[in-house]
Student: 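Have a look at the structure that comes next, please.
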Amino acid sequence: MERAFWFSGSGDGELRPVTLPPVGDDEVLVRTLYTGVSRGTETLVFRGEVPPSQRAAMRAPFQEGDFPGPVKYGYLNVGVVERGPEDLAGQVVFCLYPHQTRFVVPASAVTPVPREVPPERAILAGTVETAVNAVWDASPKIGDRIAVVGAGMVGSSVAKLLAGFPGARVQLIDVDPERAKVAEVLGVDFSTPEDALGDCDLVVHASASEAGLARSLELLAPEGEVIELSWYGDRRISVPLGENFHSRRLAIRSSQVGMVSPSRRLNRTYADRLALALRLLADPGFEVLVSGECQFRELPDVLPRLAANEPGTLCLRVTYQMEDTR
């Protein structure tokens with residue numbers, strides 16, 4: 001008998017027993033080593049704030065139940081294949097699966113984790129995949145002046161990827177001055193919003209706040225563009241389209257990981273994008289995005305604090321056993 005974490009949809013959750021189906025041909029049985037809590041999305045689910053219009057789009061690949069709840073939800077799972085095709089047996093893999101001790105999925109649903117990537121860091125694959133897609137959408141140019149507003153998991157990952165772009169000036173911006181320590185590990189310049197450098201060709205907004213979006217527009221040079229990565233749930237926000245928006249010919253464009261960026265859609269699959277994200281995680285700098293850890297059995301007590309916007313938390317890593325298997 002296995003166990004899974006279920007969100008009630010009303011601000012709490014519980015561990016429920018699970019009976020696994022038989023492992024069929026071309027399927028794998030995976031024992032979970034670690035899962036990650038995607039703070040922005042999963043805390044919205046935890047509080048039951050997924051808007052009715054977005055409930056179909058927000059479904060996780062292996063979700064059970066319907067919004068607002070109860071639902072079994074999550075998509076940052078790293079485990080070891082205990083049974084399956086010979087080429088996968090014993091391998092550490094990433095899967096878009098919820099928080100559960102063991103699970104059975106098609107073999108095509110898992111992606112091997114490169115040996116140079118520690119399994120405990122591989123839970124960030126979904127976040128880095130979102131950042132990869134955002135950079136593809138943004139299409140930065142050599143020498144661009146770029147700001148990333150919001151130093152959460154996604155914003156910090158985007159800044160890390162952009163920092164290596166030739167000749168670019170990249171600044172990570174957040175209201176919390178403590179995030180300067182995260183930026184330093186990632187090798188990115190940091191600023192609070194009031195001191196941020198302006199005249200930007202490109203701003204990536206990931207703070208999920210009205211004030212952050214307004215500041216993003218203020219930082220743009222004429223004909224600059226904001227790439228909007230934030231997910232606001234059922235909140236309505238005000239966008240300042242007066243003032244300089246029209247006279248400076250500014251633009252706002254959304255980026256979302258549910259589809260491969262149009263700039264790469266003809267020659268990259270979802271699997272290609274995820275495999276790239278996992279390779280990028282060989283860089284130990286990404287480890288700074290994991291700011292907390294708990295045992296699986298502690299999730300019902302820990303998630304309410306996370307949903308209440310406990311300060312300083314980026315990715316919460318959930319552990320299912322103490323030993324590494326390889």
Side-chain angles (χ1 to χ4, degrees), residues 36-45 49-64 66-67 71 73-77 93-98 105-106 108-112 122-141 146 148-150 152-162 165 202-208 212-213 216 225-235 237 239 251-281 286 289 315:
V37 176
S38 179
R39 181 180 178 183
T41 303
E42 290 193 53
T43 55
L44 282 173
V45 173
E49 295 177 356
V50 178
S53 65
Q54 296 300 304
R55 288 174 181 174
M58 283 281 292
R59 287 194 68 86
F62 295 101
Q63 174 179 324
E64 292 183 33
D66 297 309
F67 297 121
V71 290
Y73 193 84
Y75 46 80
L76 302 175
N77 189 303
V93 295
F94 177 86
C95 185
L96 299 169
Y97 204 86
V105 293
S108 59
V110 302
T111 302
I123 59 168
L124 296 169
T127 302
V128 176
E129 183 183 11
T130 300
V132 166
N133 209 57
V135 173
W136 284 348
D137 279 336
S139 298
K141 306 296 188 294
I146 305 170
V148 180
V149 177
M153 288 173 63
V154 173
S156 295
S157 297
V158 170
K160 170 70 172 170
L161 298 183
L162 289 172
F165 208 80
L202 172 68
V203 176
V204 179
H205 179 235
S207 80
L213 179 55
S216 296
E225 183 176 53
V226 170
I227 299 297
E228 177 59 277
L229 269 174
S230 299
W231 170 243
Y232 298 95
D234 59 1
R235 289 181 292 140
I237 65 161
V239 183
I252 304 173
R253 186 158 53 93
S254 67
S255 175
Q256 205 273 341
V257 73
M259 292 187 288
V260 175
S261 170
S263 68
R264 295 292 183 273
R265 199 171 296 163
L266 290 178
N267 54 10
R268 297 291 194 282
T269 65
Y270 290 103
D272 292 332
R273 190 179 64 184
L274 179 56
L276 171 59
L278 281 164
R279 293 198 301 274
L280 290 168
L281 282 167
F286 283 106
L289 301 183
C315 179

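For reference, positions follow the sequence shown, starting with 1. What you see below is based on every heavy atom in this structure, not just the backbone, and it leaves out hydrogens, waters and symmetry mates.
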Student: What pairs of residues pass the salt bridge (charged side-chain N to carboxylate O under 4.0 Å, His left out) test when at least one of them lies in residues 252-274, not counting sequence neighbours?
Tutor: Glu129-Arg273, Glu225-Arg253
Student: If we ignore hydrogens and angles and just use 3.5 Å, is the side chain of Thr130 paired with the main-chain N or O of Gly126 as donor and acceptor?
Tutor: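 Here the side-chain-to-backbone pair exists.
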Student: For Phe94, give me all partners under ring pair (Phe, Tyr, Trp, His ring centres under 6.0 Å), at least two apart in sequence or on another chain.
Tutor: none
Student: Could you tell me whether a side-chain N or O of Asn77 sits under 3.5 Å from a main-chain N or O of Cys95, the two making a donor and an acceptor?
Tutor: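 No: the side chain of Asn77 does not pair with the backbone of Cys95.
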Student: Under the side chain to side chain contact (heavy atoms under 4.5 Å, CB included) test, which residues partner Pro51, sequence neighbours left out?
Tutor: Ser53, Gln54, Trp231, Asp234
Student: Who passes side chain to side chain donor-acceptor pair (under 3.5 Å) against Arg279, sequence neighbours left out?
Tutor: none
Student: Quick one: are Val37 and Cys315 in side-chain contact, heavy atoms under 4.5 Å?
Tutor: no
Student: Any side-chain heavy-atom pair from Ile252 and Val239 closer than 4.5 angstrom?
Tutor: yes
Student: Leu124 versus Met153: any side-chain heavy-atom pair under 4.5 Å?
Tutor: yes
Student: Can you list everything that forms a side chain to side chain donor-acceptor pair (under 3.5 Å) with Glu49? Sequence neighbours excluded, please.
Tutor: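 So Glu49 forms a side chain to side chain donor-acceptor pair (under 3.5 Å) with Arg47.
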Student: Measure from the side-chain N and O atoms of Asn133 to the backbone N and O of Ser255, and report whether any donor-acceptor pair falls under 3.5 Å.
Tutor: no
Student: Specify the closest pair of heavy atoms between Ala60 and Gly74, including all atoms of both residues, with the distance to one decimal.
Tutor: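 Closest heavy-atom pair between Ala60 and Gly74: CB-O, 3.9 Å.
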Student: Please identify each residue that fulfils side chain to side chain contact (heavy atoms under 4.5 Å, CB included) with Ala208, with sequence neighbours left out.
Tutor: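 Testing Ala208 for side chain to side chain contact (heavy atoms under 4.5 Å, CB included), a comparison that skips the adjacent residues, returns Ser230, Arg235.
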Student: To the nearest 0.5 Å, how far apart are CD in Glu228 and CD in Gln256?
Tutor: 12.0 Å
Student: Of all heavy-atom pairs between Ala206 and Leu229, which one has the smallest distance, and what is that distance?
Tutor: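 That closest heavy-atom pairing would be CB-CB, 4.3 Å.
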Student: Kindly say whether Leu213 contributes a backbone atom to a donor-acceptor pair with the side chain of His205 at under 3.5 angstrom?
Tutor: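 Yes, the answer is positive, given that a donor and an acceptor are paired below the 3.5 Å cut-off.
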Student: Determine whether a donor-acceptor pair (N or O, by modelled atom type, separation under 3.5 Å) exists between the side chain of Tyr97 and the backbone of Val105.
Tutor: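 Between the backbone of Val105 and the side chain of Tyr97 there is no qualifying donor-acceptor contact (under 3.5 Å).
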Student: Decide yes or no for Val50 and Val45: does some side-chain heavy atom of the first lie under 4.5 Å from some side-chain heavy atom of the second?
Tutor: yes
Student: Once you round to the nearest 0.5 Å, how far does CG of Leu202 lie from CD1 of Ile146?
Tutor: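 With rounding to 0.5 Å, CG (Leu202) is 5.0 Å from CD1 (Ile146).
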Student: Name all residues meeting the side chain to side chain contact (heavy atoms under 4.5 Å, CB included) criterion together with Thr41; count only those two or more places apart in sequence or in a different chain, and write none if there are none.
Tutor: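 Testing Thr41 for side chain to side chain contact (heavy atoms under 4.5 Å, CB included), a comparison that skips the adjacent residues, returns Ser38, Met58, Tyr73, Tyr75.
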Student: Taking only residues two or more places apart in sequence or in another chain, which ones pass side chain to side chain donor-acceptor pair (under 3.5 Å) with Ser263?
Tutor: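 Here the qualifying residues are Ser261.
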Student: Please identify each residue that fulfils side chain to side chain contact (heavy atoms under 4.5 Å, CB included) with Ala131, with sequence neighbours left out.
Tutor: Ser157, Val158, Leu161
Student: Find out whether Val93 and Thr111 are in side-chain contact, i.e. whether some heavy atom of one side chain is under 4.5 Å from a heavy atom of the other.
Tutor: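 No, every pair of side-chain atoms sits at 4.5 Å or beyond.
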Student: Would you say Thr269 and Val260 make side-chain contact, with heavy atoms under 4.5 Å?
Tutor: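 The answer is no; the side chains never approach within 4.5 Å.
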Student: If the condition is side chain to side chain donor-acceptor pair (under 3.5 Å), which residues does Thr127 pass it with, not counting sequence neighbours?
Tutor: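 Per chain and number, Thr127 pairs via side chain to side chain donor-acceptor pair (under 3.5 Å) with no residue.
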Student: So which heavy atom on Asp137 is nearest to which on Ser254, and how close?
Tutor: OD2-O, 4.5 Å
